Structure formats: structure tokens, C-alpha cells
**Q** 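To start, I am sharing the structure in question, which I have written as C-alpha cells.
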Amino acid sequence: MRIIPRTERRAQRRTTRATLRARTRTHRAQTRINRHGHGTLATHCIAAGLPTREAATVAASLRRNATKAKVTGTAGRAHAGRHMRDCRRYTPAEVARIAVVYRPRKPAYRAAAAFLVVAA
């Protein structure tokens, strides 16, 4: 049995924690959508497996495409740290209609868009 150096163990733990955090974030978003039947576009993107920052980018693009797809969603209020923000919540079917119009260039965004179309 090989003795693993401390720095290597720390690196392994760090990557394991990052993987677990990503999996937890994705699962929480999916559960939230399943529980309520709708979610913000960022929530749908996180449920598709994107990290938070990329999910915000894709959500902004999907928001622009929502008007093209003539999808309005439901008005709501979202928690944004200590503040409340007005938001629109969309069902998985509405997000699928928006994602069909959405044409990303980045491969990760393409995979997320394909997941959003199939998730409905």
C-alpha cells in the first residue's frame, strides 16, 4: 500500500468536495422545480448541470429568446441574498419552447440547451 502525501490527499479532498457541491446544487434545483412545478430560468439551467455563473449567462440568453418564443412565464419574487427581486418563473415545457429557439455556440451551453429541451 502506497502512502499518499498530504498535499495529494488535500487535492483529492478538494476535488471531491467540489464534485459533491456541484451534484448537490444540481439536485436541489431539480427538486425545487419538481416540487413547485416551475422555476426561474437560472434554476432550470442549474438543474441542467451548469455551474452558477454559467447558468446566469445562459439564463440571460434564454430570457432574450423567451420574447421570440412568445413565452411569458409567471411573475414572482426571488430571494437574491438579503434583497428580493422580481422574476419570471417558467414550467419545464415553457423552458423547452424557449430552448428550441436558443442557438448557443459554446459546447457546454449546447449540451445544457439539449437537456432543457428533453427535460420537458
Side-chain angles (χ1 to χ4, degrees):
M1 185 171 125
R2 180 173 88 88
I3 297 175
I4 301 172
R6 181 181 297 164
T7 54
E8 196 175 322
R9 280 197 317 261
R10 285 181 180 162
Q12 285 175 349
R13 284 195 301 261
R14 191 169 37 248
T15 56
T16 304
R17 280 194 308 268
T19 305
L20 185 60
R21 268 195 308 270
R23 195 181 317 143
T24 303
R25 185 182 323 114
T26 300
H27 187 260
R28 274 192 193 140
Q30 288 172 344
T31 303
R32 189 178 308 128
I33 292 167
N34 291 338
R35 186 183 312 125
H36 299 295
H38 55 66
T40 62
L41 288 175
T43 303
H44 283 281
C45 292
I46 291 170
L50 290 173
T52 308
R53 185 171 223 149
E54 290 183 358
T57 304
V58 173
S61 298
L62 288 174
R63 224 171 275 124
R64 279 194 303 272
N65 286 297
T67 55
K68 293 178 190 174
K70 295 185 175 76
V71 177
T72 57
T74 312
R77 302 275 287 165
H79 297 278
R82 294 179 180 171
H83 307 287
M84 295 293 287
R85 283 202 182 145
D86 292 329
C87 69
R88 308 295 280 166
R89 290 197 172 95
Y90 300 88
T91 63
E94 290 173 332
V95 174
R97 284 180 33 209
I98 298 168
V100 167
V101 178
Y102 178 51
R103 295 281 175 234
R105 291 192 185 124
K106 192 173 179 182
Y109 296 172
R110 283 185 184 167
F115 180 85
L116 291 172
V117 170
V118 173

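Just so it is clear, the structure is predicted and the values come from calculations on it, not from any experiment. In this chain, numbering begins with 1 at the start of the sequence shown. Side chains included, hydrogens not; waters and symmetry mates left out as well; all remaining heavy atoms used.
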**Q** Is Ile98 linked to Ile46 within one hydrophobic cluster, defined over Ile, Leu, Val, Met, Phe, Trp and Tyr using a side-chain heavy-atom separation of less than 4.5 Å?
**A** no

**Q** Look at atom CZ of Arg53 and say whether more than 12 heavy atoms of other residues, nucleotides or ligands are closer to it than 6.0 Å.
**A** no

**Q** Less than 4.5 Å apart, side chain to side chain, heavy atoms only: is that true for Pro104 and Val58?
**A** no

**Q** Applying a strict under-4.5 Å side-chain criterion to I, L, V, M, F, W and Y, I'd like to know whether Tyr90 and Leu116 cluster together.
**A** yes

**Q** If a pair satisfies salt bridge (charged side-chain N to carboxylate O under 4.0 Å, His left out) and one of its residues is in residues 97-120, list it, with sequence neighbours excluded.
**A** Glu54-Lys106

**Q** Any heavy-atom pair between the side chains of Arg23 and Leu20 that's under 4.5 Å?
**A** yes

**Q** Side-chain heavy atoms under 4.5 angstrom apart, residues restricted to Ile, Leu, Val, Met, Phe, Trp, Tyr: same cluster for Ile33 and Val95?
**A** no

**Q** Does Arg28, at its CZ atom, have more than 12 non-hydrogen atoms belonging to other residues, nucleotides or ligands within less than 6.0 Å?
**A** no

**Q** What I want to find out is whether Glu94 reaches Arg88 closely enough, with some N-O distance under 4.0 Å, to be called a salt bridge.
**A** no

**Q** Once side chain to side chain donor-acceptor pair (under 3.5 Å) is applied, do any residues pair with Arg85, and if so which ones, sequence neighbours excluded?
**A** none

**Q** With heavy-atom distances below 4.5 Å as the criterion, would you say the side chains of Asp86 and Arg77 are in contact?
**A** yes

**Q** Between Val117 and Ala96, what is the shortest heavy-atom contact and its length?
**A** O-CB, 3.8 Å

